[in-house]
Amino acid sequence: MTEPVIIVHGGAWTLPKDIVDGSRAGTKAAAKAGYKKLTSGGTAIDAVEAALRVLEDDPCFDSGTGSPLTAEGKVEMDAVIMDGQTLNSGAVACVHNIKHPIEVARKVMEKTTHTLLVGEGANQFAKEMGIESVPLDSLVSERAKSDLALYKGNYGDTVKNAFKSRDSGHD
Amino acid sequence: TTGAVALDKNGNVAYGTSTGGISGKRPGRVGDSPLIGAGGYADNDVGGISCTGHGESISKVVLAHQVITSMRTGMDAQEAADKALANMASRVKGYGGVIVLSRLGDVALSYTTENMSWAWAKKGTLHSGVSPGE
């Protein structure tokens with residue numbers, strides 16, 4: 001029998017000071033949720049989904065609730081899941097109005113012969129799978145709104161500020 | 001971006017990633033996350049990985065594939081992760097991070113950005129961090 005392990009991340013970027021503590025707490029909660037699955041007979045897939053649901057619910061992170069906004073002020077989310085035993089995978093891209101995109105990705109893996117569904121097709125598939133659509137506002141955090149106001153019209157600056165090299169030096 | 005890699009008691013590996021992208025992105029823009037081999041991979045014969053960071057850079061170098069390929073040839077997970085991220089910085093000036101599990105349960109994490117929040121659990125013990133050195 002193998003010793004179960006789970007590792008999670010909440011994104012590699014320049015963390016704003018006001019969410020450092022929340023990010024730390026959020027990743028710990030996600031790892032705990034996944035580990036609980038593993039130690040109660042769940043599969044690696046179950047553990048990954050459980051951990052990601054926790055992270056998607058936490059507005060400290062850039063997925064699910066708290067997702068960044070597009071230039072048009074909308075939420076477009078991507079998610080993927082993969083099973084290392086079968087190499088089966090499922091993914092969605094540009095889905096909107098979904099609380100847990102990872103749930104839809106898992107349905108793509110388990111209920112279709114496809115690996116990736118995008119946009120309206122992905123949302124239509126989620127509806128067919130009985131996954132509830134949620135209002136846009138329920139996914140939008142105050143931080144996402146202020147970030148968009150700060151960077152609107154200058155996507156290059158967003159990227160430059162979010163993904164600074166640790167070795168580059170900065171103010 | 002958020003991600004997870006797990007190894008269960010039967011030796012099965014899985015990974016997942018979920019993201020809302022980057023603030024102010026063009027509608028329809030998709031990064032590395034849903035692209036198998038770029039934003040992540042899982043193979044019971046090797047291990048699993050979830051990537052995070054600048055999606056276009058990660059896609060250009062097929063970051064997860066680099067790490068998995070290095071591990072498949074015998075490199076340990078930490079060295080494979082460090083090497084792939086250094087290559088991404090060098091080749092396309094792109095920055096990000098990865099979490100990796102080997103098929104034997106070895107844990108590795110690496111990032112070239114200022115921070116990456118992470119946590120892992122094994123043998124009932126939880127470890128976490130957000131900054132280099134933790």
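Here is how names work: the chains are called A, B, and so on, in the same order as the sequence lines, proteins then strands, and each is numbered from 1. Quick caveat: nothing in here was measured; it's all calculated off a predicted structure.
Counting heavy-atom pairs closer than 4.5 Å to chain A, the top-ranked of the candidates B/Gly96, B/Gly53, B/Gly40 is B/Gly53. Chain A forms the most heavy-atom pairs under 4.5 Å with one residue out of B/Gly11, B/Ser23, B/Gly94, B/Gly105, and that residue is B/Ser23. The choice from B/Ser33, B/Gly47, B/Ala89, B/Ser128 that makes the most heavy-atom pairs within less than 4.5 Å of chain A is B/Ser128. Contact count against chain B (heavy-atom pairs under 4.5 Å) is highest for A/Gly11 among A/Ala51, A/Gly11, A/Ser67. Comparing B/Thr19, B/Val13, B/Asn12 by heavy-atom pairs within less than 4.5 Å of chain A, the highest count is held by B/Thr19. Annotation: maximal heavy-atom pairing with chain A below 4.5 Å, among B/Ser57, B/Ser50, B/Gly97, occurs at B/Ser50. For the options A/Thr70, A/Asp62, A/Val5, heavy-atom pairs under 4.5 Å to chain B are most numerous at A/Val5. When each of A/Ala162, A/Ser63, A/Ala12, A/Pro4 is scored by its heavy-atom pairs under 4.5 Å with chain B, the top score falls to A/Ala12. Comparing A/Trp13, A/Tyr151, A/Phe61 by how many heavy-atom pairs each has under 4.5 Å with chain B, the most go to A/Trp13. If you tally non-hydrogen atom pairs under 4.5 Å between each of B/Leu126, B/Asp43, B/Ile99 and chain A, the highest count goes to B/Ile99.
Residues B/Leu85 and B/Met75 do not share a hydrophobic cluster, defined by chaining ILVMFWY side chains whose heavy atoms lie under 4.5 Å apart.
Using a 4.5 Å cut-off between heavy atoms, A/Glu56 touches chain B through its side chain atoms alone. The parts of A/Leu15 that come within reach of chain B are both its backbone and its side chain, each placing non-hydrogen atoms under 4.5 angstrom from that chain. With a 4.5 Å cut-off on non-hydrogen atoms, A/Ser89 touches chain B through its side chain but not through its backbone. Using a 4.5 Å cut-off between heavy atoms, B/Val30 touches chain A through backbone and side chain atoms alike. Contact of A/Val75 with chain B is not made at all, since no heavy-atom distance falls under 4.5 Å. Interface remark: B/Asn10 contributes backbone atoms only to the contact with chain A (heavy atom separation under 4.5 Å). Residue contact with chain A, scored on non-hydrogen atoms closer than 4.5 Å, is absent for B/Leu104. The part of A/Tyr35 that comes within reach of chain B is its side chain, from C-beta onward, which places non-hydrogen atoms under 4.5 angstrom from that chain. Both the backbone and the side chain of A/Ala79 come within contact range of chain B, with heavy atoms under 4.5 Å apart. Contact of B/Ile36 with chain A is made through the side chain alone, with heavy-atom distances under 4.5 Å. When heavy atoms are compared at a cutoff of 4.5 Å, A/Lys28 approaches chain B by way of both its backbone and its side chain. Proximity to chain B is limited to the backbone of A/Val92, based on heavy atoms less than 4.5 angstrom apart. Interface remark: A/Leu116 contributes side-chain atoms only to the contact with chain B (heavy atom separation under 4.5 Å).
Side-chain contact between B/Ile22 and A/Tyr155 is present, with at least one heavy-atom pair separated by less than 4.5 Å. Between A/Thr27 and B/Trp118, the closest side-chain pair of non-hydrogen atoms is not below 4.5 Å. Annotation: side chain of B/Asp8 is not in contact with side chain of A/Thr2 (no heavy-atom distance under 4.5 Å). A/Ile7 has its side chain out of reach of B/Tyr15: every pair of non-hydrogen atoms, C-beta onward, lies at least 4.5 Å apart.
Within the model, atoms CZ of B/Arg29 and CD of A/Glu76 stand 10.5 Å from one another, a figure rounded to the nearest 0.5 Å. Here the straight-line distance linking atom CG of A/Leu52 with atom OG1 of B/Thr17 works out to 7.0 Å at 0.5 Å rounding. Distance check, rounded to the nearest 0.5 Å: OG1 of B/Thr2 to CG of A/Asp58 gives 10.0 Å.
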| task | For side chain to side chain contact (heavy atoms under 4.5 Å, CB included), just list the numbers for B/Tyr41 and A/Met82, CA-CA rounded to whole Å, side-chain angles, deciding distance to a tenth of an Å, and then say yes or no. | result | CA-CA 7 Å; B/Tyr41 203 73; A/Met82 183 172 189; 3.5 Å; yes

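B/Ser117 and A/His9 share no side-chain donor-acceptor pair at under 3.5 Å.
The side-chain contact (heavy atoms from CB on, under 4.5 Å) test with A/Phe163 is passed by exactly one of B/His54, B/Glu114, B/Lys93: B/His54.
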